[in-house]
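Single-structure report; data block below.
Naming: A, B, ... by sequence-line order, numbering from 1 per chain.
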2 protein chains.
Amino acid sequence: MDGSDCPDCSRINEVLSRIGDRWSMLIVISLDYAEVMRFNELKRHLGISQRMLSLTLRDLERDGLVRRTYYPTIPPKVEYALTPLGKSFCAPVRAMGEWALKNLPNIDAARAKFDAEAARTVEPV
Amino acid sequence: MDGSDCPDCSRINEVLSRIGDRWSMLIVISLDYAEVMRFNELKRHLGISQRMLSLTLRDLERDGLVRRTYYPTIPPKVEYALTPLGKSFCAPVRAMGEWALKNLPNIDAARAKFDAEAARTVEPV
DNA sequence: ATGGGTGGTTCCCTTTTTGTAACCGACATT
DNA sequence: AATGTCGGTTACAAAAAGGGAACCACCCAT
């Protein structure tokens, strides 16, 4: 079984296992911000390896979030942009980003506190 | 570099690498729905392995999203519930869940179309 | 003729993640 | 007496993710 009971869980599970990885989200965010970007532009912007970028972009295109436009010039030029579906995905991703912005300090504080207490119970001296 | 240029990227990168994994989100959603759940209850509900569940729950507790209450009875009883921080995280997660629910068919359609076209260009017969 | 940029693909290797199985103590059930 | 439950931890193994470098064709600038 995998998320068998709760139907929402299996759905969310599905979508997260497709486009819920780090690079996909970061690419979507970048494209949302820049409207259109070229391959090496994305690569330099994100610090992603060439291999991961091409793999992730192909998956995003396959899933209908990204539109790839190839110009057979010399040297070749390829532009990536969000489809309407990709743009609609930005809303929840941005919501999560804003939550992150606001709550990362809280997480850090909780983590520091947890670690401090754990250290005390292990080493009471 | 890693998401160096765009400040949002590095933040989202951070938060995603902490609580952006599949199990964390599913646990948060489950706890939001049920208010409080026990260890094996979560395990059965999500179909997660015992090891991953204990690891993920400890991280969630460490990050202040989940509160763990231990009752030293025999057999032991442990309850997990969301903290206020965890509850606030539900909003963006739910937004993503709702998007998933609505757009999974679109993704599937795009994927099928992409695969069909790829098959045609490879095997034109 | 050498090197660089374009957008990739392919191979190899390491690291990370995840699952499986066994074990724990102490009791309750069969 | 053996087995099951509860909430885990640990060791091992399999799978997946990811990085790095090499290679491709083609042209341009030096």
Rounded to whole angstrom units, what separation is found between the [atom1] atom of [X] and the [atom2] atom of [N]?
X     : N      : atom1 : atom2 : answer
B:E61 : D:dG7  : CD    : P     : 15 Å
B:D59 : C:dT18 : CG    : C1'   : 14 Å
A:I27 : D:dG18 : CD1   : P     : 11 Å
B:R68 : D:dC6  : CZ    : C1'   : 12 Å
A:R51 : C:dC13 : CZ    : C1'   : 11 Å
B:L60 : D:dG8  : CG    : C1'   : 16 Å
B:L55 : C:dG19 : CG    : C1'   : 11 Å
B:R38 : D:dC6  : CZ    : C1'   : 7 Å

Proximal nucleotide (of C:dG7, D:dC6, C:dT6) relative to the B:P76 side chain: D:dC6
Minimum-distance nucleotide (side-chain atoms of B:N40 versus C:dG7, C:dG19, D:dC6): D:dC6
Sugar-phosphate, base or nothing in reach of B:Y80, heavy atoms under 4.0 Å: sugar-phosphate
Nearest 0.5 angstrom please: [X] [atom1] to [Y] [atom2], how far?
X      : Y      : atom1 : atom2 : result
B:R62  : A:E117 : CZ    : CD    : 12.5 Å
B:N103 : A:S88  : CG    : OG    : 4.5 Å
B:F39  : B:L53  : CZ    : CG    : 4.0 Å

base_contact_polar (D:dG7 base, B:Q50 side chain, donor-acceptor, <3.5 Å): yes
Basic-acidic side-chain contact under 4.0 Å: B:K102, B:E98: no
Distance below 4.0 Å between A:S49 side-chain N/O and D:dG19 OP1 or OP2: yes
Short side-chain N/O contact to D:dT9 OP1/OP2 from B:S54, under 4.0 Å: yes
Single-linkage hydrophobic cluster A:L65~B:F114, side-chain heavy atoms < 4.5 angstrom: no
